[in-house]
Protein chains: 2
Amino acid sequence: MASDHTRAAILNAAERLYADRGFGDVTLRDIVAAADVNLAAVNYHFGSKDELIAELFVTRSLATNRERLNELKSAEEAGGGRASIESILRALVGPTLRGCLGPDRERSTAARFMIRASIESVPPIRRIKNREIDHLRKFAAAMRRSLPDCSEADLYWGLHFALAMAHQTIRDSERLSKLSEGLCDLNDVGGMIERIVAVSVMALTGREVEKKAPARLVTRDAR
Amino acid sequence: MASDHTRAAILNAAERLYADRGFGDVTLRDIVAAADVNLAAVNYHFGSKDELIAELFVTRSLATNRERLNELKSAEEAGGGRASIESILRALVGPTLRGCLGPDRERSTAARFMIRASIESVPPIRRIKNREIDHLRKFAAAMRRSLPDCSEADLYWGLHFALAMAHQTIRDSERLSKLSEGLCDLNDVGGMIERIVAVSVMALTGREVEKKAPARLVTRDAR
DNA sequence: TTGCATTTCAAACATTTGTATGAAACTATC
DNA sequence: GATAGTTTCATACAAATGTTTGAAATGCAA
C-alpha cells in the first residue's frame, strides 16, 4: 500500500482549497498543484473527483455523527435510560455548531470545509446527505422516550426546527453578524447552542427551559 | 424594441429548466433549445449566462419582498402603527413559504425555481442575496417597535431563527417528509406558517402565542 | 539481481462550456 | 422603397476540465 503519502496530501490540499474557495472554483489541477502531486494521482487514488469529495465529506460527517451519538448515549446513561429533552437536543446540535462556529482562529480547516459543504450543495455531497435520515431517527426515538406525551408530528417538527436553526446559523452566520452589527456574538458557541436548545424545547413543550442553561434566549428584564 | 418574444421565451425556458434540473446541469444550449431560439440570443439579450440567472432571481425575489412589505404595512396599519409581533413574523415568513411550498399541483415554476436557488447556491445569486440585509432591517425595526423591551440581540436572534425555520423547511421539506413518514403535512402551508410564527414568538417573548393561531405547534393534551 | 506489483508522471484526449463574430433577415422610419 | 437600426442565425473560438494512457520510476519479495 506504499506510504499513503500522496493520498493524504491530496486529501489535505483538497480540504483546504475547498474550505477556502468553495467547490465551484477549485479544479483538480489546483488540488494537485497544492498537494504537489501529479494530476493523474487523483483518479488513481480516488477514482474520480466526485469520489474524492465524497470521501472528504463522509469522513467528516461520520465523525460528527459519532460525536452526536456519544453525547446522546452519555445523556441517556446519566438519566437512567431516559435523557432530558434538553440534553438530547444539545447532543443533536452541539457537535455541529461547535465544529463549525466559534472564534476564527480556532476554526479548523475541517470545520470550514463542512460549512462550505452546507452552503454549496454539490451532487456527491447531496447523495450522501440523503442517507442521513437513519441517523436522525435515533434522535427522534430518544425524543419520543423523553416526551412520551408529545405527538409524533410535533416531535418531528421540533427536531426539524432544531436542526434548521443550527444549520442556518452555520450557513448564514455572516448575515446575522452583519444584520445585528456584531450584537449577536457568533463566537459564543455555548450560548448559541443553549439558545437553540431553549427555543426548541419551548417549541416542543410549550414551556421555557428552567435549569442549567448557561445562557438563555430570553434575557430581558421586562416581563 | 421588437416583440420581446425571444427574451421572454428565454426567461421562461430558463426558469423551467433550472427549476426542474438545477443550475448545475443546465447549459445555455439546453435553454436555447427549449426556448427554440438561437444560442447567441442569450448573450445578445442578457449579456451573459450569469446575468440571465441574476435577472430571473431578482424578479422573483423582488416580488417576494414586495409582498412581505405589503403584509407588514397592512399589519402596522391595522395596529395603528404598531403591529403585533405575530403579524410581523407572519409577514416575514408567510410570502416565502406560501410561494415555495404547498400542494404539488399548485407549486409554480417560479416557486420551484426559488427552491432551487435556495438549495444550490450559485455565484450570481449569492451576490444578490448579500444585498437583502436592508430589506430585513425594516422587519427588525418593526419588531423593535412591537417589542420595545426586548434586547437588540434577542431581537436579531429571533428574526434569524424565524427565517432559519422557514428557509430550512423549504430547503429540506423532502427530508422532513421522509423522516416523519408523511406525518408532517407539508401541504398545509398555513399551519406551517403558524407553527413557525408561534415558535418564533416564544423565542422572542418566552410565552406562547395565545390568539388567532389556526394551528398551534403545541397541540398535546398533556400538561 | 531479477521479477512483479504498485505508484508516479507527462502528455494527450475528449468534451463541454460560455462567448464572440459577421453576415443575413427583419422592422420601422423617412 | 431605400436606409438605418435591431434582431436572429450558423458557425467558430478559446479556454477549461475531468479523465485516460502508456511508459518510467519505485518498492519489495524471492
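In this text the structure is predicted, and so the values were computed from the model without any measurement. Below, read A as the first sequence line, B as the second, and so on, with proteins coming before strands; counting in each chain starts at 1.
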Show me the donor-acceptor pairs, under 3.5 Å and distance only, between side chains in residues 10-26 of chain B and residues at least two apart or in other chains.
unit_1  : atom_1 : unit_2   : atom_2 : d
B:Glu15 : OE1    : B:Arg60  : NH2    : 2.6
B:Glu15 : OE2    : B:Arg60  : NE     : 2.6
B:Glu15 : OE2    : B:Arg60  : NH2    : 3.2
B:Asp20 : OD1    : B:Arg112 : NH2    : 2.2
B:Arg21 : NH2    : B:Asp25  : O      : 3.0
B:Arg21 : NH2    : B:Asp30  : OD2    : 3.0

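If you measure from atom CD1 of A:Ile31 to atom P of D:dT19, you get 11 Å, rounded to the nearest angstrom. Taking atom CZ of residue B:Arg7 and atom P of nucleotide D:dT6, one finds them 15 Å apart after rounding to whole Å. Between B:Tyr44 atom OH and C:dA25 atom P the separation is 17 Å, expressed in whole Å. The distance from atom CZ of B:Phe23 to atom P of C:dT16 is 22 Å, rounded to the nearest whole Å. A straight line from CG of A:Leu52 to P of D:dT19 spans 10 Å, rounded to a whole angstrom.
Here B:Glu86 does not pair with B:Arg90 in a salt bridge; the nearest charged N to carboxylate O distance is not below 4.0 Å. Ion pairing between B:Glu132 and A:Lys178 fails under the 4.0 Å rule for side-chain N and carboxylate O.
Under the side-chain hydrogen bond (donor to acceptor under 3.5 Å, both in side chains) rule, A:Gln168 has a single partner from B:His160, B:His167, B:Arg171, which is B:His167.
Note on A:His45: every side-chain N or O is 4.0 Å or more away from OP1 and OP2 of C:dT6. Side-chain N/O atoms of A:Thr6 include none lying less than 4.0 angstrom from OP1 or OP2 on C:dT7.
There is a side-chain donor-acceptor pair under 3.5 Å between B:Arg144 and B:Tyr156.
The side chain to side chain donor-acceptor pair (under 3.5 Å) search around A:Arg137 returns none, not counting sequence neighbours.
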Base, backbone or nothing for each nucleotide of nucleotides 10-18 of chain D, written B, S, -, heavy atoms under 4.0 angstrom, 5' to 3'?
-> BBB----BB

